[in-house]
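Residue numbers count from 1 along this sequence.
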Amino acid sequence: MGRIIALLYGAVAYGGFLLVFLYLIGFLGNFGLLPRTVDAGGMATPLGQAILINLGLIALFGLPHTIMARPGFKKAWTKVIPKSIERSTYVMQTNLLLIFFFWQWRPMTDVVWQADSTWAQYLLWGVFFLGFGLVLFTSFLIDHFELFGIKQVLNNFMRKISPPPGFQVNSLYRIVRHPLYVGWILSFWGGPTMTTGHLLFAIGMTGYILIAIRYEERDMVTYYGAAYEEYRGRVPMLVPRPGKMHDKVRAEKPHTT
């Protein structure tokens, strides 16, 4: 693949992510200007069928999303596609799966709980937007443009080779091991109204995150060795605990065998 085409491909994937991310905020927030949200606009479907379809959509998103992130898959996949667009392809498939998800989601609108007081509504909207803000902020702690494939296609375009990322601990990663996932969970569960459909989404996606963490941490131990083992022993996974904080660590080299 030519360097210019790879760069354009990466830019399209990243631009698509920005649009899908914004739509996801509106989808979960039930913003009325959107054609489909978690509680409105989808096809009317009997409850049992809607549950099965929606669980299937969560699985359809989660399975390839997890498999494509594994080092073994990446090693095999980059024999088929150029390494420079591997991450952009991951982002692209995520975009397409979420678009399909929005299109096919079946609303289930019975209210499970609802905040009636103004202060509670503001509080729960605060949780909702804090979650999405935390996702965005944490992506820059990791390396936002590498996470979404832009750095790789730019390096390929400029014929530049970047060293593999070293293990480092800073900012929110000193308090919890997965602040990105904390942000997602807050965004899934935030908002003043929880319907059965939104609850199914929140439970299903939280379950997917807990499964994904298991595989992700296994890869981190393999890649970074004792440095990550020590970190995992000192810092909680998702819920901060008093006295549990890691010292700042800057870019230790990956573990090699």
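Taking the six-membered ring for Trp and thresholds of 30 and 60 degrees, Trp184 and Phe188 have nearly parallel ring planes, at less than 30 degrees apart. Ring geometry, His144 versus Phe148: the interplanar angle falls from 30° to 60°, so the pair is classed tilted. Using the six-membered ring where Trp is involved, Phe132 and Phe128 have ring planes that are perpendicular, over 60° apart on the 30 and 60° scheme.
Judged purely by atom type and a 3.5 angstrom limit, Arg106 has no side-chain atom pairing as donor or acceptor with the backbone of Thr45. Judged by distance alone, with hydrogens and angles left aside, the side-chain atoms of Asn54 form a donor-acceptor pair with the main-chain N or O of Ala50 at under 3.5 Å. Listed for the Ser88 side chain is no donor-acceptor partner under 3.5 Å among the backbone atoms of Ser84. Of the possible polar contacts, none joining the Trp125 side chain to the Gly191 backbone as a donor-acceptor pair under 3.5 Å is found.
Asn156 places none of its side-chain heavy atoms less than 4.5 Å from the side chain of Leu7. Two residues are said to be in side-chain contact when any heavy atoms from C-beta on lie closer than 4.5 Å; Ile175 and Val235 fail this criterion. The side-chain heavy atoms of Glu146 and Arg87, taken from C-beta on, include no pair separated by under 4.5 Å. When side chains are defined from C-beta on, Asn155 does not count as touching Ile161, because their heavy atoms never get closer than 4.5 Å. Considering only heavy atoms from C-beta on, Thr222 stays 4.5 Å or farther from Tyr228 through its side chain. Side-chain contact between Leu238 and Leu210 is present, with heavy atoms from C-beta onward closer than 4.5 Å. Between Val135 and Leu180 there is a side-chain heavy-atom pair separated by less than 4.5 Å. Taking the side chain as every heavy atom from C-beta outward, Trp77 and Thr89 approach each other to under 4.5 Å.
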Worked verdict on Phe100 versus Trp103 for ring-ring contact (aromatic ring centres under 6.0 Å, His included): CA-CA 5 Å; Phe100 184 76; Trp103 175 42; 5.7 Å; yes
Dump the intermediate steps for salt bridge (charged side-chain N to carboxylate O under 4.0 Å, His left out) on Arg232 and Glu217, then the final yes or no. CA-CA 9 Å; Arg232 185 164 63 173; Glu217 293 210 326; 3.7 Å; yes
Taking it one step at a time, do Gln104 and Met43 satisfy side chain to side chain contact (heavy atoms under 4.5 Å, CB included)? CA-CA 8 Å; Gln104 289 297 316; Met43 290 177 275; 3.8 Å; yes
Apply the test side chain to side chain contact (heavy atoms under 4.5 Å, CB included) to residues Met237 and Val176: give CA-CA distance (whole Å), side-chain angles for both, the deciding distance (0.1 Å), then the verdict. CA-CA 5 Å; Met237 184 170 69; Val176 291; over 6 Å; no
Show the numbers, then the answer: is there a side chain to side chain donor-acceptor pair (under 3.5 Å) between Thr37 and Asn30? CA-CA 5 Å; Thr37 70; Asn30 279 303; 2.6 Å; yes
Do Leu97 and Leu60 pass the side chain to side chain contact (heavy atoms under 4.5 Å, CB included) test, and can you show the C-alpha distance, the side-chain angles, and the key distance before you say yes or no? CA-CA 8 Å; Leu97 285 174; Leu60 180 63; 4.0 Å; yes
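Criterion: ILVMFWY side-chain heavy atoms under 4.5 Å apart, direct or through other members. Under it, Leu124 and Trp119 are not part of a common hydrophobic cluster. Taking hydrophobic clusters as Ile, Leu, Val, Met, Phe, Trp and Tyr residues chained together by side-chain heavy-atom distances below 4.5 Å, Phe137 shares a cluster with Ile142. Hydrophobic clustering (side-chain heavy atoms under 4.5 Å, transitive across Ile, Leu, Val, Met, Phe, Trp, Tyr) groups Ile203 together with Ile185. A continuous path of ILVMFWY side-chain contacts below 4.5 Å connects Phe31 to Leu28, so both sit in one hydrophobic cluster. Side-chain heavy atoms closer than 4.5 Å link hydrophobic residues (I, L, V, M, F, W, Y) into clusters, and following such links, possibly through other members, connects Val12 to Tyr14.
Interatomic distance, CZ of Phe17 versus CD1 of Ile150, reported as 10.5 Å (0.5 Å rounding). Phe157 contributes atom CZ, which lies 9.0 Å from atom CG of Leu8 (distance to the nearest 0.5 angstrom). Taken from CZ in Phe61 to CD in Gln93, the straight-line distance is 7.5 Å, to the nearest 0.5 Å. Here the straight-line distance linking atom CH2 of Trp189 with atom CE of Met205 works out to 12.5 Å at 0.5 Å rounding. Note that CG of Leu24 is 12.0 Å distant from CD1 of Ile99, once rounded to the nearest 0.5 Å. Residue Leu47 holds its CG atom at 6.5 Å from OG1 of Thr196, rounded to the nearest 0.5 Å.
Thr193 approaches Gln114 most closely through the heavy-atom pair OG1-CG, 3.6 Å. Pairing each heavy atom of Pro236 with each of Arg241, the nearest pair is CB-NH1, 3.5 Å. Across all their heavy atoms, Val91 and Ala13 have their closest contact at CG1-O, 3.5 Å. Shown here for Leu199 and Met194, the closest heavy-atom pair between the two residues is N-SD, 3.4 Å.
There is a side-chain donor-acceptor pair under 3.5 Å between Tyr181 and Glu216. A donor-acceptor pair shorter than 3.5 Å can be found between the side chains of Thr195 and Asp39. Side-chain contact annotation: His178 with Tyr173, donor-acceptor N/O pair under 3.5 Å absent.
Judged by the 6.0 Å and 45° rule, Arg36 forms no cation-pi pair with Phe102.
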